[in-house]
Protein chains: 2
Amino acid sequence: MSLRHALLALLTVEPMTGYDLSKAFQASVSHVWHAPDSQIYPELRRMEADGLLVGTEVPWGPRGKKREYSVTPKGLDAFRAWMNEPLSYTRERDPAHLKAAYLEWAEPDAARAQMHAHIDAYTARRDDWRDKVREIDTGTSTMLEQRLAHAPASEHASIRAYKRYTYEGLIARAEHEIEWAERGLALIDELNADAPTAAHRTRADAAPPAT
Amino acid sequence: MSLRHALLALLTVEPMTGYDLSKAFQASVSHVWHAPDSQIYPELRRMEADGLLVGTEVPWGPRGKKREYSVTPKGLDAFRAWMNEPLSYTRERDPAHLKAAYLEWAEPDAARAQMHAHIDAYTARRDDWRDKVREIDTGTSTMLEQRLAHAPASEHASIRAYKRYTYEGLIARAEHEIEWAERGLALIDELNADAPTAAHRTRADAAPPAT
DNA sequence: GTCAGCTACCTATCCCCATAGATAGTTAGC
DNA sequence: GCTAACTATCTATGGGGATAGGTAGCTGAC
């Protein structure tokens, strides 16, 4: 149900078409929540059916048309209700840590490659999020500036602060993941210092026991 | 496809029934990857159909029977192949941070409750993972000890080290999440310092902190 | 005037997962 | 001998998401 609320968050700024939304999504929310357009369009229809949005046909060129959605009072209520109730936390499900727990099965070099992939993935995210923070600070984030333009000046500080807070949390998390993977690289080196390749070969034959 | 590999990881230790697996899952892997039995049983069937496992009927009491699965060489190959290829990283999708980005919409007390929920969820996980580390160190983890019993002594250090490494990473992550939420609480107080809510004021007056 | 590239929207399939429940046999304690 | 609790397995339904398409109109450059 998070997609629904992410869309509501964007539409509270101003009415948009599905296409606009999928672009806005990529530019802003996607750093926190990703969704392809094939998920956005049907969800908008469902939200309209549920009375959270109203869609109006807008002419586009001589023959074309597009559908612009705006939030209804009911939609606003739903969004506020979601914001005011705490999330339910689902249990951990993390492929990287799952793999790490059984890393003795991997070739040392494959284990290292895994760690490098982890580092690369989180480095990219960290840089991405750092850009977002910079955009917030310099006022070059289109979505944020539009949101601010539609909000009373008294709230500008909060809006900016929460966005910044969110991305800073994500940056710190990414840095933690990078550190973790770097410790992983050190650990792999340490464990393979004496027997670089022999360890795996014995393991390979160990699992199917000859009965 | 992670469930499949989590199951393979467990079955490399020794053959098990679906029921055993769902128990073992809860006791060990579930701290990294959770799955209910209704997902495990069909997946085992599929894995058998794919030739990764063989299942044999084992009598259980006078009339009952159960199905015990063991890993085939093909299953072992699949597991090793998974271990040796790097994971693909999917894009961020985090409801807590999504909400945080729009926290100006929430009542201050609801925002605080959200932060407390975050702290509670990660505190529980952190404690859980700390227990796991303690189990690893004291040798009271059944699954781990069984795994060690089936592996050459030369590998015991690695097996233990990777498990410990995994859980330590998760503990550090949980601690980061707790810190983040605590900074969130401070931020909420700061942003609402001039206009405290009625509820907040009442609570502060009713229960002043004992020194 | 036509072609590339963009805007706009939609469909289909498959997989994973959450949740809820159905069924049946076994074991241990009273 | 009965009952509660455990062992064992399976089904059904629906939501959410990934991936991969398809259609149609618009716009601007050459």
Side-chain angles (χ1 to χ4, degrees), chain A residues 1-8 11 15-27 29-30 32-50 53 55-69 82 87-95 98, chain B residues 1-8 11 15-27 29-30 32-50 53 55-69 82 87-95 98:
Chain A
M1 283 289 90
S2 285
L3 172 59
R4 174 163 290 208
H5 300 108
L7 293 173
L8 282 172
L11 283 172
M16 277 189 261
T17 67
Y19 190 79
D20 293 338
L21 268 168
S22 88
K23 292 294 151 191
F25 220 85
Q26 290 227 320
V29 199
S30 82
V32 174
W33 195 272
H34 167 260
D37 68 328
S38 65
Q39 227 187 317
I40 291 175
Y41 284 111
E43 183 63 27
L44 289 171
R45 288 283 179 187
R46 255 174 269 133
M47 289 165 77
E48 188 177 3
D50 292 347
L53 304 178
T56 46
E57 297 272 294
V58 175
W60 170 57
R63 250 188 323 280
K65 56 187 175 160
K66 52 188 185 174
R67 192 166 191 80
E68 199 173 60
Y69 292 96
W82 182 69
L87 284 173
S88 65
Y89 284 78
T90 60
R91 262 160 298 190
E92 201 66 29
R93 188 167 279 149
D94 182 335
L98 171 62
Chain B
M1 283 289 91
S2 285
L3 172 59
R4 174 162 292 210
H5 300 107
L7 293 173
L8 282 172
L11 284 171
M16 277 189 261
T17 67
Y19 189 80
D20 293 338
L21 268 168
S22 88
K23 294 293 151 189
F25 221 86
Q26 290 227 320
V29 199
S30 83
V32 174
W33 194 274
H34 165 260
D37 68 327
S38 64
Q39 225 187 318
I40 292 174
Y41 285 110
E43 183 63 27
L44 289 171
R45 289 283 178 186
R46 255 174 270 133
M47 288 165 77
E48 189 178 3
D50 292 348
L53 305 179
T56 47
E57 297 272 293
V58 175
W60 170 57
R63 253 187 320 281
K65 56 186 176 163
K66 50 188 186 173
R67 192 168 189 81
E68 200 173 59
Y69 292 96
W82 183 68
L87 284 172
S88 66
Y89 285 78
T90 60
R91 262 159 297 189
E92 202 66 29
R93 187 167 280 148
D94 182 335
L98 171 60

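All chains are named by letter (A, B, ...) in the order of the sequence lines, taking the proteins before the strands, and each is independently numbered beginning at 1. From a predicted model like this one, the values you see are computed outputs, not experimental measurements.
Residue A/Gln26 contributes atom CD, which lies 13 Å from atom P of C/dC6 at whole-angstrom precision. One can place OH of A/Tyr89 at 17 Å from P of C/dA18, the figure rounded to the nearest angstrom.
Put simply, the side chain of A/Trp82 reaches to within 4.5 Å of the side chain of A/Ser2, judged on heavy atoms. Residues A/His34 and B/Thr90 form no side-chain contact, since every pair of their non-hydrogen atoms from C-beta on lies 4.5 Å or further apart.
Across B/Arg46 and B/Glu43, no two heavy atoms sit closer than the pair NH1-OE1, 2.6 Å.
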Quick tally for nucleotides 7-17 of chain D: nucleotides whose base has a protein heavy atom under 4.0 Å get B, sugar-phosphate-only ones S, the rest -, giving BBBBB----SS
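Side chain of A/Tyr41 to main chain of A/Tyr19: a donor-acceptor pair is present (N/O by atom type, distance under 3.5 Å, no hydrogens or angles). Formation of a donor-acceptor pair under 3.5 Å by the B/Asp20 side chain with backbone atoms of B/Thr17 is found in this model.
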